[in-house]
Amino acid sequence: GNSVTQMEGPVTLSEEAFLTINCTYTATGYPSLFWYVQYPGEGLQLLLKATKADDKGSNKGFEATYRKETTSFHLEKGSVQVSDSAVYFCALSDRSGNTGKLIFGQGTTLQVKP
Amino acid sequence: DTEVTQTPKHLVMGMTNKKSLKCEQHMGHRAMYWYKQKAKKPPELMFVYSYEKLSINESVPSRFSPECPNSSLLNLHLHALQPEDSALYLCASSQPGLAPTDTQYFGPGTRLTVL
């Protein structure tokens with residue numbers, strides 16, 4: 001079945017450091033891929049998405065490229081801020097049966113220290 | 001506007017109470033979802049409504065009863081819950097179908113505590 005694997009956290013960085021959170025997936029067909037962010041005490045916010053191979057999603061300085069050859073969708077940011085501290089979820093849309101289900105990774109907690 | 005609203009923000013209930021969670025979106029989306037999220041875990045899908053019809057029930061206990069009165073509203077009726085049902089309940093919406101319309105937008109959630 002479809003699945004998403006994220007690097008385990010927590011990831012602790014100093015402000016202005018480079019961020020990479022790894023995400024790989026297993027899927028039949030051509031799913032859309034997403035990164036969601038969840039700040040403490042809040043719901044999930046869509047951070048970025050990509051709907052086909054080689055697409056690059058970007059938002060608020062974050063980027064991720066849909067790599068079909070490596071089945072990956074790694075999240076990157078060149079310079080993190082304390083305000084980026086949150087839990088990040090990688091997800092794919094499960095199109096088998098056109099159910100609209102999202103398959104989530106386990107989430108990666110990012111802590112950015114001043 | 002990509003806003004999904006949920007009320008209440010917090011809810012405390014006893015095991016014999018009956019309460020309801022509400023979700024609303026005005027994006028014209030025709031698919032709506034209920035998720036349950038425990039601390040430090042990803043959301044778990046509970047129910048999916050597509051064009052106001054229940055299309056997926058992920059084997060959720062009958063003490064959770066969803067309702068979709070119209071295309072903008074989604075309710076989750078709660079009755080005789082257990083303490084282990086305490087969690088963050090998230091609502092989401094999307095357009096049914098394939099990319100690029102399959103993006104789900106989430107509400108802020110209702111933090112439920114069952115005593």
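The sequence lines fix the lettering, A, B, ..., with proteins before strands; numbering per chain opens at 1.
- Put simply, NZ on A:K49 and OG1 on B:T103 are 2.5 Å apart, with the number rounded to the nearest 0.5 Å.
- At a heavy-atom separation below 4.5 angstrom, chain A is approached by B:L88, B:L90 within residues 67-91 of chain B.
- A:K113 NZ: 12 or fewer foreign heavy atoms inside a 6.0 Å radius.
- Annotation: A:E16, atom CD; neighbour count of heavy atoms from other residues, nucleotides and ligands within 6.0 Å does not exceed 12.
- Between B:Q104 and A:Y36, some side-chain heavy-atom pair lies under the 4.5 Å cut-off.
- A:L44 has its side chain within reach of B:P43: a pair of non-hydrogen atoms, C-beta onward, lies under 4.5 Å apart.
- When the heavy atoms of residues 107-115 of chain B are compared with those of chain A, the residues falling under 4.5 Å are B:G107, B:P108, listed by number.
- For A:Q106, the parts lying near chain B are the backbone and the side chain together; criterion is any non-hydrogen pair under 4.5 Å.
- Shortest non-hydrogen contact noted between A:G105 and B:P42 is O-CB, 3.4 Å.
- In this structure, the portion of A:Q38 lying under 4.5 Å from any heavy atom of chain B is its side chain and not its backbone.
- In this structure, chain A has a heavy atom under 4.5 Å from the side chain of B:E58, while its backbone stays farther away.
- The hydrophobic clustering, which links ILVMFWY residues whose side-chain heavy atoms are closer than 4.5 Å, places B:V4 and B:W34 apart.
- Among the residues in residues 76-89 of chain A, those with a non-hydrogen atom closer than 4.5 angstrom to a non-hydrogen atom of chain B are A:F89.
- Interface remark: A:L102 contributes backbone and side-chain atoms alike to the contact with chain B (heavy atom separation under 4.5 Å).
- B:L21 and B:M32 end up in the same hydrophobic cluster when Ile, Leu, Val, Met, Phe, Trp and Tyr side chains are linked at under 4.5 Å.
- Residues of residues 53-64 of chain A having a heavy atom under 4.5 Å from any heavy atom of chain B: none.
- In this structure, chain A has a heavy atom under 4.5 Å from the side chain of B:Q37, while its backbone stays farther away.
- B:Y33 and B:I56 fall within the same hydrophobic cluster, where Ile, Leu, Val, Met, Phe, Trp and Tyr residues are linked whenever their side-chain heavy atoms come under 4.5 Å apart, directly or through other members.
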